[in-house]
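Since the structure comes first, as structure tokens, the remarks are kept for the end.
Scope of the values below: all heavy atoms of this structure, side chains included, with no hydrogens, waters or symmetry mates. All of these numbers come straight from a predicted model, not from anything done at the bench.
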Amino acid sequence: MIRNTNSKPVFRAIFALLLLCVANSAWAKVALHDVRLWAAPDHTRIVFDLGGSVKYKLFTLENPHRVVVDIRNAYGKKGQYQNIQGKGLITAVRTGVRNGKDIRVVLDVKGAIKHESFTLAPNAQYGHRLVVDISPTGKQVVADDPEPQIAQIVVPDNGNSGQKFTPSLRVVAIDAGHGGEDLGARGARGTKEKDVALAIARRVAKKINAQPGMKAVLIRDGDYYIGLRERMARARKHDADLFVSIHADAFRKRSARGGSVFVLSRRGASSEHARWLAQRENASDLVGGVTLKGTDSTLASVMLDLTQNASLEASFDVGDRILSEMGRIGHLHKRKVQQAGFMVLKSPDIPSVLVETAFISNRKEENLLRTSAYKEKMANAIYKGVSGYFSTYRPMSGETVASSGDNLKHKIRRGETLSEIAQQYRVSLNQLRSANRIRGDMVRVGQVLTIPTDS
């Protein structure tokens, strides 16, 4: 065997080849395919669609206010981005070549702004992206959602005059799923989940706002993206009594069909419980205005448990009502309320449900979701469930909920006992047994009990 004792030329060749590859990689230009704008009430998002990963520099200028984004080693067609219309905080978009190898994008803005930026790897819908979010500084706002008119009730005063007062409001946060560059699921005919969800959400909000004593807050009222935890935060900001998230389901099997309703799973509740407990220094308004700051861990945990259990019990109630109404207008994928760990359902103190209106991946149901008539029917089903919940639901609170009128009904859920139900409604166990002709303590899930009233 003859050995090559001089390996230096081989190593030099390999090293030169590696340098050439690195150089070619550094010199390879990346295409800027498109610039897209999404305007939300409190911020504007700019998305740069790119042919690969890039390095960039972002800074702001004043007099006039503008944002400058330098995308290094990039190229685009001349005049390709000159017809982009301004949206939200952005009045104009200008592009040019810098140093013969970079693209400079100048965003003319309405005033002083703050910004955040990040890159995203390709997914099923898009390639490489650079995302820039800008929002106004200080108290300046872009365009707030108009507040709905609160119904005023006139009470006669001795038949001569009337006194106006504003009733106590029940606030419902209506969350249209997805938005902006997040299309959600997409049907065979190109129907986008984000559009269907918003159309139904607006209809539900309109019905709620038409009722005295009720007010709807749209978490998003346009085509823009909102983070999942931000949706929860906005509901809490508006002191919402209920959170309803609207979606359109999809599955790889086109035959899957029907609507369904979800509430938070026990596992999801447990993880959120741990998160809030860990952050209790900042949880100043979680449980009825009682701060957890400085609270003993065991006591804080019990308080959180009480809050979550009450919210989950209420979520099941409103979920059942919505699901029942949905069953009147179409097929149900699941006839019972389901549980899952969806992020938007994790508010510990706000009853929350997620409504899958139909399968957008099913051709027949996609066609239904494209019609105004079906959207109206679905919105009405959701509204009726919400309205019924506020009209007759009595939470597990320690309050005396039986009245001197008609008897209250209670549907037994999994895990409930007769003694717990008696304690919940502040009646004796014997009274509860007698009113329902029950001997012993055996009850079944789904059984409807009559709650006796005080005589």
Side-chain angles (χ1 to χ4, degrees), residues 172 174-175 177 184-185 187 193 196-197 200-201 203-204 207 242-269 309 311-342 344-345 351-369 371 373-396 408-416 421 443-450:
V172 185
I174 308 295
D175 172 46
E193 181 182 2
V196 170
I200 295 175
R203 284 172 165 84
V204 175
K207 293 176 184 296
L242 180 65
F243 180 93
V244 181
S245 190
I246 299 175
H247 293 256
D249 217 338
F251 194 60
R252 60 180 180 274
K253 291 184 178 179
R254 301 283 183 176
S255 58
R257 66 190 182 101
S260 51
V261 177
F262 289 84
V263 300
L264 186 62
S265 67
R266 291 291 180 184
R267 180 177 296 179
N309 288 340
S311 294
L312 189 56
E313 195 265 352
S315 300
F316 265 112
D317 185 274
V318 70
D320 275 334
R321 295 171 191 267
I322 293 174
L323 195 63
S324 177
E325 294 295 336
M326 289 170 63
R328 299 175 187 273
I329 65 170
H331 181 76
L332 293 179
H333 184 64
K334 297 289 185 180
R335 294 188 175 276
K336 292 184 179 180
V337 173
Q338 304 298 296
Q339 291 185 266
F342 292 118
V344 292
L345 299 178
S352 304
V353 296
L354 185 146
V355 179
E356 295 283 8
T357 54
F359 275 82
I360 203 169
S361 54
N362 181 290
R363 287 183 179 272
K364 184 177 180 181
E365 293 195 343
E366 180 190 7
N367 289 336
L368 286 174
L369 289 170
T371 67
Y374 190 78
K375 291 172 187 171
E376 184 69 19
K377 287 180 181 179
M378 185 57 65
N380 199 47
I382 296 171
Y383 161 71
K384 283 184 176 180
V386 169
S387 179
Y389 162 76
F390 284 126
S391 297
T392 62
Y393 176 69
R394 297 297 182 269
M396 295 173 65
L408 190 68
K409 303 291 185 181
H410 179 92
K411 185 177 180 181
I412 297 176
R413 297 190 185 283
R414 188 179 304 278
E416 288 186 320
I421 296 169
V443 289
R444 68 180 186 277
V445 175
Q447 181 179 350
V448 178
L449 300 180
T450 298

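- Remark: Lys377 pairs with Ile329 by the side-chain contact (heavy atoms from CB on, under 4.5 Å) rule, at least two apart or across chains.
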Take Val204 and Ile246 through the side chain to side chain contact (heavy atoms under 4.5 Å, CB included) test and state the conclusion after the steps.
CA-CA 10 Å; Val204 175; Ile246 299 175; 4.2 Å; yes

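- Side-chain atoms of Glu193 come within 3.5 Å of backbone N or O of Ala248 as a donor-acceptor pair.
- Panel note: side chain Ser387, backbone Tyr383; no donor-acceptor pair is recorded below 3.5 Å.
- Taken from CZ in Arg203 to CD1 in Ile382, the straight-line distance is 11.5 Å, to the nearest 0.5 Å.
- Of all heavy-atom pairs spanning Phe390 and Val172, the tightest one is CE1-CG2, 3.5 Å.
- In this structure, the separation between NZ on Lys336 and OG on Ser260 is 15.0 Å, given to the nearest 0.5 Å.
- Residue Arg257 qualifies as open at atom CZ: its count of foreign heavy atoms under 6.0 Å is 12 or below.
- Phe342 CZ to His247 NE2: the interatomic distance, rounded to the nearest 0.5 Å, is 7.5 Å.
- Between the side chain of Glu356 and the main chain of Gly259, no donor-acceptor pair closer than 3.5 Å is present.
- Nearest approach of Ser352 to Ser315, heavy atoms of both residues: N-OG, 2.9 Å.
- Side chain of Gln447 to backbone of Ile412: no donor-acceptor contact under 3.5 angstrom is found.
- Between Tyr389 and Pro351, the closest side-chain pair of non-hydrogen atoms falls below 4.5 Å.
- Among residue pairs with one or both ends in residues 357-366, those qualifying as side chain to side chain donor-acceptor pair (under 3.5 Å) are Thr191-Glu366; sequence neighbours excluded.
- The distance from the CG atom of Leu368 to the CZ atom of Phe359 is 14.0 Å, given to the nearest 0.5 Å.
- Rounding to the nearest 0.5 angstrom, the gap separating the CE atom in Met378 from the OG1 atom in Thr371 is 10.0 Å.
- Ile360 contributes atom CD1, which lies 6.0 Å from atom CG of Leu369 (distance to the nearest 0.5 angstrom).
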Name every donor-acceptor pair, under 3.5 Å, that has one atom in a side chain of residues 316-328 and the other anywhere in the protein, sequence neighbours excluded.
from, atom 1, to, atom 2, distance (Å)
Asp317, OD1, Arg321, NE, 2.6
Asp317, OD1, Arg321, NH2, 3.3
Asp320, OD2, Arg413, NH1, 3.1
Asp320, OD2, Arg413, NH2, 3.1
Arg321, NH1, Gly388, O, 3.2
Arg321, NH1, Thr392, OG1, 3.0
Arg321, NH2, Thr392, OG1, 2.9

